[in-house]
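Basis for what follows: all heavy atoms, side chains included, without hydrogens, waters or symmetry-related copies.
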Amino acid sequence: MNDSQFMLFSKHLQALPIGEAGAAMRAIGLTKIDLTVRPGGHVEPARAESELPAAAEALKAVGVSIGMISTNITDAGDANTERVLRTAASLGIGYYKLGYFQYRGFGTLRTQRVEVAVRLKDLAAMNAALNIHGGYHNHSDTFFGANLADLDHVLSAIDSKHLGIYFRPRPCHHRRR
């Protein structure tokens, strides 16, 4: 039995109000969305407690549910982190994609690995308490984790039930000019 489901990343529908985005998805047969809950996204993190439930209701009205959220979360101590995750979990959203860390340059990798590991351990503990799962995207280019060995290193002591890799087998290509 294959229980795979397709989800559409809402970044590609950013110009549409959430209800219209859901209706457009439903028109092509998609019923799950990966909703952006980050600055400039469909839901602003600081207003997640009101905007995320409203978005869920607007989507439900057109037959679409939130399968996961894409966030800018990288720190359990950030003022918006618990607000976003607690609200998502209360709505039955079980997964979120974390934000990103930039590689800082030559000679800093060992220190950065330690710092990222501490941040991810704290997020995993919060995830466990809220019953939500975080996925760290192995984004390419200058983003920490482009080298999977770095992610393996920082995630090795973290229970994958709470935080793991949001694996993308093909590198992300950005327009450069």
Q: Are Val116 and Ile165 co-members of a hydrophobic cluster defined by side-chain heavy atoms under 4.5 Å apart?
A: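 The answer is yes; both residues are in one hydrophobic cluster.
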
Q: Hydrophobic clusters here meaning ILVMFWY residues chained together by side-chain heavy-atom distances under 4.5 Å, can you tell me if Leu109 and Val118 are in one?
A: no

Q: Please tell me if the side chains of Thr111 and Val114 come closer than 4.5 Å, counting only heavy atoms from C-beta onward.
A: no

Q: Give me the one residue out of Leu16, Leu30, Leu59 that meets side chain to side chain contact (heavy atoms under 4.5 Å, CB included) with Met25.
A: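 Checked Leu16, Leu30, Leu59 against Met25; only one passes side chain to side chain contact (heavy atoms under 4.5 Å, CB included): Leu30.
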
Q: Report the residues that fulfil side-chain contact (heavy atoms from CB on, under 4.5 Å) with Val62, sequence neighbours left out, ordered by chain and then residue number.
A: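 Counting only residues at least two positions away or on another chain, Val62 forms a side-chain contact (heavy atoms from CB on, under 4.5 Å) with Ala23, Val64.
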
Q: Can you find a heavy atom in the side chain of Ile73 that is under 4.5 Å from one in the side chain of Asp78?
A: no

Q: Using a 4.5 Å cut-off on heavy atoms from C-beta on, say whether the side chain of Leu98 contacts that of Tyr166.
A: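 No, every pair of side-chain atoms sits at 4.5 Å or beyond.
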
Q: How long is the span from the CG atom in Leu123 to the CG atom in Asp75, to the nearest 0.5 Å?
A: 7.0 Å

Q: Ala48 and Val43: which non-hydrogen atoms are nearest, and at how many Å?
A: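 Minimum heavy-atom separation between Ala48 and Val43: CA-CG1, 4.0 Å.
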
Q: Check whether any side-chain N or O of Thr81 sits under 3.5 Å from a backbone N or O of Gly77 as a donor-acceptor pair, and report yes or no.
A: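 Between the backbone of Gly77 and the side chain of Thr81 there is no qualifying donor-acceptor contact (under 3.5 Å).
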
Q: Should Leu120 and Met68 be counted in the same cluster of Ile, Leu, Val, Met, Phe, Trp and Tyr side chains packed under 4.5 Å apart?
A: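 No, because Leu120 and Met68 fall into different hydrophobic clusters, even though each may have its own neighbours under 4.5 Å.
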
Q: Under a 3.5 Å distance rule, please check whether Asp34 uses its side chain to pair with a backbone N or O of Met7 as donor and acceptor.
A: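 No, Asp34 side chain to Met7 backbone: no donor-acceptor pair under 3.5 Å.
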
Q: Just jot down the ring pair (Phe, Tyr, Trp, His ring centres under 6.0 Å) partners of Tyr100, sequence neighbours excluded, or say none.
A: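 In terms of ring pair (Phe, Tyr, Trp, His ring centres under 6.0 Å), with neighbours along the sequence ignored, Tyr100 is linked to His137, His139, Phe143.
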
Q: Count the heavy atoms belonging to other residues, nucleotides or ligands that lie under 6.0 Å from CG of Asn131, then report whether that count exceeds 12.
A: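 No, the 6.0 Å shell around CG holds no more than 12 heavy atoms from other groups.
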
Q: What heavy-atom pair brings Ala89 and Ile132 nearest, and what distance separates the two atoms?
A: N-CD1, 4.2 Å

Q: Would you compute the distance between atom CG of Leu91 and atom CD of Glu57 and round it to the nearest 0.5 angstrom?
A: 8.5 Å

Q: Please report the interatomic distance CG(Leu151) to OG(Ser156), rounded to the nearest 0.5 Å.
A: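 If I round to the nearest 0.5 Å, the distance is 11.0 Å.
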
Q: What pairs of residues pass the side chain to side chain donor-acceptor pair (under 3.5 Å) test when at least one of them lies in residues 6-33, not counting sequence neighbours?
A: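 The answer is Ser10-Thr36, Ser10-His42, Gln14-Thr36, Lys32-Ser65.
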
Q: Could you tell me whether the side chains of Asp150 and Tyr103 share a donor-acceptor contact shorter than 3.5 Å?
A: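 Yes, because at least one side-chain N or O of Asp150 sits under 3.5 Å from a partner of the opposite role on Tyr103.
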
Q: Looking just at side-chain N and O atoms, do Thr142 and Gln102 make a donor-acceptor pair shorter than 3.5 Å?
A: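 Side-chain D/A pair, Thr142 to Gln102: present.
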
Q: Work out which heavy atom in Ala55 is nearest to a heavy atom in Leu35; give both atom names and the distance.
A: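 What the structure gives for the nearest pair is CB-CD2, 4.1 Å.
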
Q: Which heavy atom of Phe144 sits nearest a heavy atom of Tyr136, and at what distance?
A: O-OH, 2.7 Å

Q: Which atom pair, heavy atoms only, marks the closest approach of Ala88 to Ile69?
A: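 Heavy-atom minimum between the residues: CB-CD1, 3.9 Å.
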
Q: Do you reckon Leu163 sits in the same ILVMFWY cluster as Tyr95, going by side-chain contacts under 4.5 Å, direct or chained?
A: no

Q: If we ignore hydrogens and angles and just use 3.5 Å, is the side chain of Thr71 paired with the main-chain N or O of Lys97 as donor and acceptor?
A: yes

Q: Do the non-hydrogen side-chain atoms of Thr87 and Pro53 ever get within less than 4.5 Å of each other?
A: yes

Q: Answer yes or no: is there a side-chain heavy-atom contact under 4.5 Å between Phe101 and Glu115?
A: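 A side-chain contact under 4.5 Å is absent here.
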
Q: With a 4.5 Å cut-off on side-chain heavy-atom distances among I, L, V, M, F, W and Y, is there a chain of contacts connecting Phe6 to Phe9?
A: no

Q: Measure across Pro39 and Pro45 and return the closest heavy-atom pair with its distance rounded to 0.1 Å.
A: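 Minimum heavy-atom separation between Pro39 and Pro45: N-CD, 3.6 Å.
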
Q: Could you walk me through whether Ile66 and Leu52 pass the side-chain contact (heavy atoms from CB on, under 4.5 Å) check?
A: CA-CA 10 Å; Ile66 302 171; Leu52 190 52; 4.0 Å; yes

Q: Rounded to the nearest 0.5 Å, how far does CD1 of Ile18 lie from CD1 of Ile33?
A: 4.5 Å

Q: To the nearest 0.5 Å, what is the distance between CG on Leu155 and NZ on Lys121?
A: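 Between atom CG of Leu155 and atom NZ of Lys121 there are 13.5 Å.
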
